[in-house]
There are 2 protein chains.
Amino acid sequence: MDRTEKLVQALREAGLRLTPQRLAIVRLLATTDQHPTAQMIYEQLRPDYPSLSLATVYNTLETLVDLGVVNVLGSAGDDAVHYDADTDPHVNLACISCHRVIDLPSQYVHALEQEVATTSGYRLLGARVVYYGLCPDCQREAARQPAGGRRHRRRRRRRGEHHQTQSGSEE
Amino acid sequence: MDRTEKLVQALREAGLRLTPQRLAIVRLLATTDQHPTAQMIYEQLRPDYPSLSLATVYNTLETLVDLGVVNVLGSAGDDAVHYDADTDPHVNLACISCHRVIDLPSQYVHALEQEVATTSGYRLLGARVVYYGLCPDCQREAARQPAGGRRHRRRRRRRGEHHQTQSGSEE
DNA sequence: CTCTAAACTTGGAATGATTATAAACTAGAG
DNA sequence: CTCTAGTTTATAATCATTCCAAGTTTAGAG
């Protein structure tokens, strides 16, 4: 909604151009709850913007991060960086199995942010409060699988793969 | 101190071998407060273990992370992942200018962790509570420099560079 | 409108952190 | 001491991300 507006504002105020590509990226970021990676953004937008370049996605993300309106979350067990357009203090929960990242409201993050701001002496520019573990779904999954061995090879995600919602509406 | 012991224990209990390389890495992790990257560990150990391979450092770090005794912090504005052998809930502060990462005690992280554990339904495996910004030193630095322009090119860190303690003995 | 400089976008090449692989080594139980 | 599965190592391979050199647009002035 107005999160889109907020991002657009930020671009305007910085004297930057509002190109169709930027607008598309901003809209996607503002309305999704998926905490997408650059690759995910690229793939979701390509149908509508066939000429879009991955480089543009990266550029735009960098710009938005520099403007302080988008947060970098780091990876969720995959090898790509996830982004979050919600810069209000909140907790992210990343599942290291399905690589999905969700938001979690918290009454303590605000206090924590306050505390850090006042006691650190740092000029704070952003935060990354991510807890990782197994989501309920993947726990069930794991319980079913008799754990084919304790040592799991790590596999890299291929350029084309998606992290996808497994079935219905969820979040 | 006994943080070294804790890590060694974890390896033992998992039935893994305690090789000289692993011991060295564990000791370094347990005693430093630098939140090093794999590269940093490699370079700090190379003098004493000339045959050490970067791959071993990565392998060992992965092992320790899997065992849950080491945390992954993500990058500090550089392009490499930082690790933290302190898995007790605490806040990390990363300076995006000098790329140093420090610890910050906090009375709220505990509450936050509790909250997440009970309300999320996730099986928590670790956390990454990192605030980033400019440390006092770099703020002064920035104030001095009349900001040569708002747009700063990003530069990649070269393989050989170090993030170093500002005054201490450098290698 | 029209023009223009600066700001953007783009495809492809380049970079470099991290992984995979295969061969050589060794911790540690018997 | 003897084995052998677990480890290390050097090196190649992978791939997210950045860089680059053009080609395009944007937005403001005329």
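Below, read A as the first sequence line, B as the second, and so on, with proteins coming before strands; counting in each chain starts at 1. As a basis for the values below, the full set of heavy atoms in this structure was taken, side chains included, without hydrogen atoms, waters or symmetry mates.
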side-chain N/O A:Gln39 vs D:dT17 OP1/OP2, d < 4.0 Å: no

Over all atoms of both residues, closest heavy-atom pair of A:Ser53 and A:Tyr42: C-CE1, 4.0 Å

Listed nucleotide nearest any side-chain atom of B:Ala80, set C:dC8, C:dT10, C:dT18: C:dT18

Distance-only donor-acceptor test (3.5 Å): side chain A:Arg17, base D:dA27: no

Within 6.0 angstrom of A:Tyr108 OH, more than 12 heavy atoms from elsewhere: no

Base D:dT7 paired with B:Arg22 side chain (donor-acceptor, <3.5 Å): no

B:Leu16, nearest nucleotide to its side chain (from D:dT7, C:dT10, D:dT9): D:dT7

Atom pair CG/CG of B:Asp86 and B:Leu73 - distance to nearest 0.5 Å: 10.0 Å

D:dT9 phosphate, OP1 or OP2, under 4.0 Å from B:Gln21 side-chain N/O: yes

Along DNA chain C (nearest heavy atom to each residue), the more 5'-positioned of A:Val57 and B:Pro20: A:Val57

Touch class at under 4.0 angstrom, heavy-atom based, for A:Thr56 against every strand present: base

Among D:dT7, C:dG28, C:dT18, the one nearest B:Leu54 by side-chain distance: C:dT18

Candidates C:dA27, C:dT18, C:dG11 - which lies nearest the side chain of B:Thr19: C:dA27

Nearest-neighbour nucleotide for the A:Thr60 side chain, C:dT10, C:dT18, C:dT9 considered: C:dT9

